[in-house]
Amino acid sequence: MITARVLVGTLGAVWLLGIAMASFAPRRPDDPRSRAWTAPLQRMDEALAAGDIRLAERAWHDAYGQALGSRRWEGMVEAGDAALRIRAVAKAQRLAAPTARQAYLTALVRARSQGSVDGVLRTAEAFARLGDGEVVEQALRVARDLGGVHLEVEARGRGLVDQSTRVSETAHGLGKREF
């Protein structure tokens with residue numbers, strides 16, 4: 001009797017451990033759940049097109065949660081971009097930058113930990129659009145450290161730094177003036 005209970009208890013524990021491990025296991029890129037944020041982002045864009053800001057915001061929150069749970073940099077870049085789209089339509093651009101920035105920072109950390117030069121450069125592009133030259137430079141250093149920076153990538157990086165400087169100057173009214 002005790003042996004049967006021990007056996008059932010052990011099997012139950014192994015089953016629960018297997019379920020727990022499966023929920024934390026990294027997903028393969030071809031796993032449909034690995035890009036689960038795309039459907040909510042599509043709903044968000046549809047709601048924006050229809051002028052329904054509240055529905056768009058709810059869909060964005062769903063997408064952000066899915067992207068966060070995916071542990072992939074791509075989803076966080078897309079969530080950051082979507083935050084800027086939704087706030088542009090809602091005429092609250094100032095509020096979007098911190099939300100997008102947080103998503104992009106998460107993407108940068110994930111891309112670095114995954115060894116993705118492309119991911120690091122995509123987040124650098126996102127920070128350039130925000131006008132954050134300092135983070136662009138840091139991202140380019142990360143890309144160099146990952147060993148994936150060649151001459152064409154260096155040129156792309158210089159362009160990103162220039163772009164972020166222009167965006168920052170425009171946002172702060174510091175554009176070039178002739179005297």
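- Among residues two or more places apart in sequence or in another chain, the side chain to side chain donor-acceptor pair (under 3.5 Å) test is passed with Trp73 by Ser116.
- Here the CD-CZ distance, from Glu57 to Arg87, works out to 4.5 Å after rounding to the nearest 0.5 Å.
- Ala128 and Val136 get closest at one heavy-atom pair: N-CG2, 3.5 Å.
- Note that CD of Glu125 and OH of Tyr104 are 10.5 Å apart. Values are rounded to the nearest 0.5 Å.
- The nearest pair of heavy atoms linking Ala100 to Gly80 is CB-O, 3.4 Å.
- The side chain to side chain contact (heavy atoms under 4.5 Å, CB included) test applied to Thr38 returns Arg35, Glu78, not counting sequence neighbours.
- Under the rule for a side chain to side chain donor-acceptor pair (under 3.5 Å), Tyr64 has no partner lying at least two apart in sequence or in another chain.
- Evaluation of the salt bridge (charged side-chain N to carboxylate O under 4.0 Å, His left out) rule for Arg43 yields Asp62 as partners, not counting sequence neighbours.
- Listed by chain and number, the residues in a side chain to side chain donor-acceptor pair (under 3.5 Å) with Arg101 are Asp132 (sequence neighbours excluded).
- Criterion: ILVMFWY side-chain heavy atoms under 4.5 Å apart, direct or through other members. Under it, Leu140 and Val109 are not part of a common hydrophobic cluster.
- Note: Asp145 CG to Gln138 CD = 11.5 Å, rounded to the nearest 0.5 Å.
- Under the rule for a side chain to side chain contact (heavy atoms under 4.5 Å, CB included), the partners of Ala82 that lie at least two apart in sequence or sit in another chain are Leu41, Met44, Trp60, Arg85.
- Residues passing the side chain to side chain contact (heavy atoms under 4.5 Å, CB included) test with Leu55, sequence neighbours excluded: Ala47, Asp52, Arg58.
- Contacts of Arg112 classified as salt bridge (charged side-chain N to carboxylate O under 4.0 Å, His left out), with partners at least two apart in sequence or in another chain: none.
- Residues Ser70 and Trp37 approach most closely at OG-CZ3, 3.5 Å, considering heavy atoms.
- In this structure Glu74 satisfies the side chain to side chain donor-acceptor pair (under 3.5 Å) test together with Arg72, sequence neighbours excluded.
- Residues Ala107 and Thr123 approach most closely at CB-CG2, 3.4 Å, considering heavy atoms.
- Closest non-hydrogen pair, Ile86 versus Ile53, comes out as CD1-O, 4.4 Å.
- For Ala111 against Val120, the heavy-atom pair with the smallest separation is CB-N, 3.6 Å.
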Item to complete: Could you check Leu108 against Val135 for side chain to side chain contact (heavy atoms under 4.5 Å, CB included), going step by step and ending with a plain yes or no?
Response: CA-CA 10 Å; Leu108 178 59; Val135 179; 4.2 Å; yes
